[in-house]
Amino acid sequence: MSRKVMIEVDNVSMTFKMNTDKIMSLKEYVTKGLSGKLKFDKFTALTDVSFQVRKGETFGLIGCNGAGKSTMLKLISGIMKPTKGTIRCNGSIVPMLELGSGFDFDLTGRENIFLNGAILGYSKKYLTEKYDEIVDFSELGEFINYPIRTYSSGMLARLAFSVASVVEPEILIVDEILSVGDAAFQKKSRARMMKMMGSGTTVLFVSHDINQIREMCGRCIWLDHGHTKMIGDASEVCSCYVRS
Amino acid sequence: MVKKEKEEIKIHLVRISLVILAVVAALCVGFHFLAGDQLFYRDSRSNIAMVQPDGGVAELSAGVVVDQIFTTEIERVESITIYWGAYYRINYGTVNVQLIRLDTGEIYMNGSFDASQFGEGTPTTVTAPEPIENLYGVPVYIHITADSAPGSSATPLYLSTGAREGCTLYLNSQPIPGLLSFDVNGTDNIWIGQHYWLFVAVTLAVIAVFLLIENILYIKGRHSYLVNAILAMKKYRFLIDQLVARDFKTKYKRSILGVFWSFLNPLLMMLVQYFVFSSIFQMDVANFPVYLLVGTVCFNFFSESSSMCLTSIIGNSGLLTKVYVPKYIYPLTRTISSVINMLISFIPLVLVCLFTGVHFEKSAVLSLFFFACLTVFCFGLGMFLSALMVFFRDMQFLWGVLTMVWMYATPIFYPEKIIPEQFRFVLDINPLFHFIKNVRICLIDGISPEPLVYIQCLLIALAMLVVGSVVFKKTQDKFVLYL
């Protein structure tokens, strides 16, 4: 266990202020504020969660809906800041939270590869080098030169996965994306994920598919309503989770 | 790998510092060249303007002498103008106008005019061969004589009830009440201009010290503002390119004329306004088409960038909640795409300038400075608005109204002098007015504004940038929670 710590999550809590009805306008804000009706309900998504992920590990997050898994991933990828505690990441992160974010439907597949790639933080040189590989993997062929509003949802998902998975990042954050496309493409994408994980990348993995977690992860954490229920060896945690 | 990257940029930082210094120095030298005389002298604030006359002093036949004593605070007196009355007849002879120092009797200006050319209110101007520099606060007098015969002599005009401090009117050496109608024009020295190289040296020294500190900090391994900015620029350059390209590609997608609209739009707007305001409202402005087009181009840029920045954060909410990208990238790319649009609309501006016979003086280059200030101002405003919009969605409706108010408060299609004196402050506090006015001075008048104006405009732009970025920085962590 002397490998470098890539992600260090230290006593992280996340609290959202939820006003009972979402006030968005200045007038309402002032009138409600003056009449004392401005109340915030606090919603705690995560409470004092701590864990470390070392280099090359595949770390799983499990838990039922609303357990705080996605919040955790967003905190780690820097989209949100924790209310309490600190998160330290050493290395470049590629978040695969929701594929195809930032696609513009009026642009062609080719243009979207570059746009989406740029958003994910790839360099121009890298994208130009890997362009053919991305197109090949997505199996889009001629369609790559058409605006993506003409694509089917399967084609979109394939394009998105191909762009997102072309890199070899130091930290990869995956939120249930292995169910993309048809059976053949699913097999292919799984093979690519396995290859990435094998090549020393640190992976943070969220799934509801316990078998997948068992198969891919070394260690995992079980979150339950924002609290750490259990942390440790993946198969052990998974057995407990299934039993509960 | 991270370490390697650091070393790579370290070599660059020294080089970048030197490049920055060289560029600033080059800009200072370039400005000295482009600004010309306006760097050193400005129209004097103590220029004396004529009083509206109500009659003639006396028939100025041979032997009659009119003297107007006055003092001036103009640092470099250049010309005096006298106004004549002709009694509605043709006069003969020659009149002579001199500017003489009261205590030494030295004659500074001397001009003779043919009285037969005078009508009612004809001005005659005597210009000094070289600006006279030592008259500040010194009593001088205008000495007017003629060699005309009585009955065919003109008269200098005056206001019989007029009076001004330090001024006395003499007719044949006898003081009489009243004030001659005369103008005195000149220029004042500009402190910055007189000490320009000192100023440049101080500026360069300040920048050099700043860069030195940055370099030392960097060697010590601490990341300072400049280094962070350079790193971010390197890292997000490609993303900015891509987002700007997207804005641009999607804007004109599926329109037949495409990018050509960026070119055509201001031109058509200018033509409509030109027709409306020149033939229906009879505006009296020198080179009205260019006057209009400068206003239109600047204001279009302002309204486009501000309204695009307004929605930049909420419009990209899909991205913001999925991928980490520094959030200022969104207003920044919107501003950049508006700038590109503005650059395209420079083409019709230049064409109209050429078409209407504007001579591009070297000062035209200086107008770019004000466009740059406008851009910085709009980026600051854009950050402010985009942050505000996240929390108060009413801004999108309010901003439409505010933009309209702002448009009418800016002399885009009307001359600034039609604003009544008591509302002048509206123009003075309107940043857009300052930018637009100075672009017009650079392009249409072909001269540079005085140096202070550059500093003023730069400060306005930077102030907005600071306000915008501070508000943005303070609130950006909460954006995700409100989207």
Side-chain angles (χ1 to χ4, degrees), chain A residues 14-19 22-30 70 73-83 89-108 111-128 147 164 170 173 175, chain B residues 1-3 5 231-255 258 314-327 329-330 333 388-399 473-483:
Chain A
M14 186 72 199
T15 314
F16 294 102
K17 266 189 211 164
M18 313 272 282
N19 28 9
K22 220 174 184 186
I23 295 169
M24 281 301 186
S25 70
L26 182 65
K27 188 190 120 204
E28 278 182 63
Y29 196 89
V30 171
S70 297
L73 294 190
K74 281 184 179 176
L75 287 175
I76 291 172
S77 52
I79 295 164
M80 291 194 278
K81 291 247 164 79
T83 328
C89 295
N90 304 305
S92 61
I93 301 178
V94 167
M96 296 184 21
L97 294 186
E98 196 167 299
L99 290 175
S101 34
F103 272 0
D104 196 302
F105 284 77
D106 274 333
L107 299 181
T108 65
E111 286 164 336
N112 268 303
I113 288 177
F114 280 90
L115 178 62
N116 197 238
I119 289 166
L120 291 174
Y122 309 166
S123 73
K124 185 178 188 173
K125 201 170 137 247
Y126 188 81
L127 267 179
T128 327
E170 286 166 275
I173 296 179
D175 192 354
Chain B
M1 189 187 152
V2 177
K3 207 172 180 184
E5 200 179 15
L231 282 174
M233 210 165 82
K234 268 183 127 63
K235 194 169 171 193
Y236 294 109
R237 171 78 204 279
F238 178 51
L239 174 61
I240 293 172
D241 286 353
Q242 286 296 320
L243 286 172
V244 170
R246 175 191 67 172
D247 278 347
F248 222 72
K249 279 177 194 156
T250 50
K251 186 171 181 184
Y252 296 117
K253 204 100 186 178
R254 302 215 228 177
S255 71
I314 57 163
N316 282 307
S317 59
L319 273 181
L320 270 157
T321 51
K322 301 295 181 307
V323 191
Y324 172 75
V325 170
K327 296 181 184 63
I329 294 275
Y330 299 110
T333 50
L388 203 62
M389 181 67 180
V390 175
F391 304 105
F392 304 116
R393 302 288 166 108
D394 300 38
M395 268 320 283
Q396 58 187 322
F397 308 109
L398 196 58
W399 187 246
K473 203 176 152 88
K474 291 256 174 202
T475 53
Q476 63 176 352
D477 288 343
K478 292 190 202 148
F479 287 173
V480 184
L481 310 177
Y482 284 82
L483 284 173

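For the numbers below, each heavy atom of this structure counts, side chains included, while hydrogens, waters and symmetry mates do not. Throughout, protein chains are lettered first and strands after them, A, B, ... in sequence-line order, and every chain is numbered starting at 1.
- In this structure, the portions of Asp106(A) lying under 4.5 Å from any heavy atom of chain B include both its backbone and its side chain.
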Donor-acceptor pairs are to be reported for all side-chain atoms of residues 235-246 of chain B against protein atoms at under 3.5 Å, with residues two or more places apart or in another chain.
{"from": "Gln242(B)", "atom 1": "OE1", "to": "Leu115(A)", "atom 2": "N", "distance (Å)": "3.4"}
{"from": "Arg246(B)", "atom 1": "NH2", "to": "Asn316(B)", "atom 2": "OD1", "distance (Å)": "3.4"}

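- Every residue two or more places apart in sequence or in another chain that forms a side chain to side chain donor-acceptor pair (under 3.5 Å) with Lys81(A) is listed here: Asp477(B).
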query: Which is it for Leu107(A) and Lys249(B) under the side-chain contact (heavy atoms from CB on, under 4.5 Å) test, yes or no, and what are the steps along the way?
result: CA-CA 8 Å; Leu107(A) 299 181; Lys249(B) 279 177 194 156; 3.8 Å; yes
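- There is no contact between Leu73(A) and chain B, counting heavy-atom distances below 4.5 Å.
- Remark: Lys251(B) NZ is packed, more than 12 non-hydrogen atoms of other residues, nucleotides or ligands lying under 6.0 Å away.
- Taking 4.5 Å as the limit, every side-chain heavy atom of Val323(B) sits out of range of all side-chain heavy atoms of Ile79(A).
- For chain B, the nearby part of Ser123(A) is the backbone; its heavy atoms alone come within less than 4.5 Å.
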| request: Give the C-alpha distance, both sets of side-chain angles, the deciding distance and a yes or no for side-chain contact (heavy atoms from CB on, under 4.5 Å) between Met80(A) and Leu481(B). | output: CA-CA 8 Å; Met80(A) 291 194 278; Leu481(B) 310 177; 4.0 Å; yes
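- When heavy atoms are compared at a cutoff of 4.5 Å, Phe105(A) does not approach chain B at all.
- Your options are Thr321(B), Leu320(B), Val325(B), and the one with the most heavy-atom pairs under 4.5 Å with chain A is Thr321(B).
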